**Q** 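Okay, here's the structure, questions in a sec.
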Amino acid sequence: MITFKAPSNIALVKYWGKKGEQLPANPSISFTLSHCYTETSIAYQRRSAATMATDAPFSFDFSFDGQPKPSFHPKIEAFFARIAPYLPFLTDYHFSIYSHNSFPHSSGIASSASAMAALSVCLMQVARELGYTYSEEEFWQKASFLARLGSGSACRSVKGSIVVWGQHPSIAGSSDDYGIAYPLQVAPVFAEYQDTILLIDRGQKQVSSTVGHNLMHGHPFAEARFLQANNNIDRLIGAFATGDIDTFIEVVESEALTLHAMMQTSIPYFILMRPNTLEVIQRVWQYRKDTKVPLCFTLDAGANVHLLYPKSVKNEVQTFIKNELAHFCEEGKYINDQLAN
Ligand code: DP6
């Protein structure tokens, strides 16, 4: 049995808008998390010539948390169809896929990134077992390439602590095809950077990311937004190198609000923030003003709030969260995580 644990990631500069076959409209950069992950195992056996001739092109079963989940089949089927040109053995085997998330399924935390990343790495390990040879670099690059075809942000969940996806002139080796480990200098203040995820709304998203990305086609602000993301990557490069947390905060919060502004100004428009998302944001700003503690927030495509802060202020921020923010979370729940090493 082959097993791989792929982490979740949280984007600092956001991917929102795509072109061609899952290529990003702008480069993005993310923190890889330590405690939120998907663990996937795969067993495989050769299909008989008879079933290959008569049955569906792909043969697999899938269980999640120990329970068969036929509702996930169409997603996996579509993913297999997309990556089969790059892994031709996919049609020749039956795959038993077992998956598990470290975080609750109903937490509103997007699991597609870690799930597609874990599945892609497992399939690359299958390829190796079947005799395909790859250098270490080729292996991880191709795993990220495949993950991207499952879900764009998944290509940032394969390997690395800070990951860049999308070609950017200031980052050598960056590519629209796969994520790479951030190759430039990062000041020590960002080591083990903390991410506390406030579970504001654990319900299903009303609008999928895929639909949202597509609404960037013909969006009145698209071009300016893509340019801004490129500029924000340059600003982050500077902030990472010098340990400039003020610039880091400005870029990260602006990116979060811009992402949601794009949603709110597309046609059709939609709002994924909830009243408690805004309550939390106001309180974070007030806290930062009063205490000078460099706590900031980011958002993904949902109502939950990711709180980002250096490890050195962990104690005071945890007290603040417990006393002043936890009651804005569903059932008072939040998850403490941190940047992977
Ligand atoms: C807001 O990667 O979930 O989290 O490629 O259609 O699967 P698909 O979209 P997905 O989009 C993630 C969008 C985001 C920002 C980000 O992670 O960069």
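Computed from a predicted model, the values in this text were never measured in an experiment. Whatever order the structure lists them in is the order used to number ligands and atoms, beginning at 1.
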**Q** Out of Tyr182, Tyr178, Tyr15, which one pairs with Trp165 under the ring-ring contact (aromatic ring centres under 6.0 Å, His included) rule?
**A** Tyr15

**Q** I need the Asn9 CG to Ile162 CD1 distance, nearest 0.5 Å.
**A** 12.0 Å

**Q** Side chain or backbone, does Tyr15 bring an N or O within less than 3.5 Å of an N or O on ligand 1?
**A** yes

**Q** Residue-level breakdown please: for Ala11 versus ligand 1, do any non-hydrogen atoms fall below 4.0 Å on the side chain, on the backbone, on both, or on neither?
**A** side chain

**Q** Purely on distance, is any nitrogen or oxygen of Ser151 under 3.5 Å from one on ligand 1?
**A** yes

**Q** Using a strict 4.0 Å cut-off to heavy atoms of Lys18, name the atoms of ligand 1 that fall inside it.
**A** 5 (O), 6 (O), 8 (P)

**Q** Do ligand 1 and Asp300 have nitrogen or oxygen atoms that lie under 3.5 Å from each other?
**A** no

**Q** Measuring from atom 16 (C) of ligand 1, which candidate in Glu255, Arg156, Arg148 has the nearest non-hydrogen atom?
**A** Arg156

**Q** In terms of atom number and element, which parts of ligand 1 are under 4.0 angstrom from non-hydrogen atoms of Ala301?
**A** 1 (C)

**Q** Is it the case that ligand 1 has an N or O less than 3.5 angstrom from some N or O of Thr210?
**A** yes

**Q** For ligand 1, which part of Asn9 has a heavy atom less than 4.0 Å away: the side chain, the backbone, both, or neither?
**A** neither

**Q** Going by the order shown, which atoms of ligand 1 are within less than 4.0 Å of some heavy atom of Gly152?
**A** 2 (O), 5 (O), 7 (O), 8 (P)

**Q** Using 4.0 Å as the upper bound for N to carboxylate O, is an ion pair formed by Glu253 and Arg288?
**A** yes

**Q** Should we say atom CZ of Phe270 is surrounded by more than 12 heavy atoms from elsewhere, each under 6.0 Å from it?
**A** yes

**Q** Pull out every atom of ligand 1 sitting under 4.0 Å from any heavy atom of Ser209, numbered as shown with elements.
**A** 3 (O), 9 (O), 10 (P), 11 (O)

**Q** Ring pair (Phe, Tyr, Trp, His ring centres under 6.0 Å): which pairs involve residues 115-151, sequence neighbours left out?
**A** Phe4-Trp140, Tyr86-Phe145, Phe89-Tyr132

**Q** Does the distance from a Lys or Arg side-chain N to an Asp or Glu carboxylate O, for Glu136 and Arg128, drop under 4.0 Å?
**A** yes

**Q** Between ligand 1 and Gln22, can you find any atom pair, the residue atom being a heavy atom, that is separated by under 4.0 Å?
**A** yes

**Q** If you count every heavy atom of other residues, nucleotides or ligands that lies below 6.0 Å from Glu39 atom CD, does the total exceed 12?
**A** yes

**Q** Could you pull out all residues at least two apart from Lys311 that satisfy salt bridge (charged side-chain N to carboxylate O under 4.0 Å, His left out)?
**A** Glu192

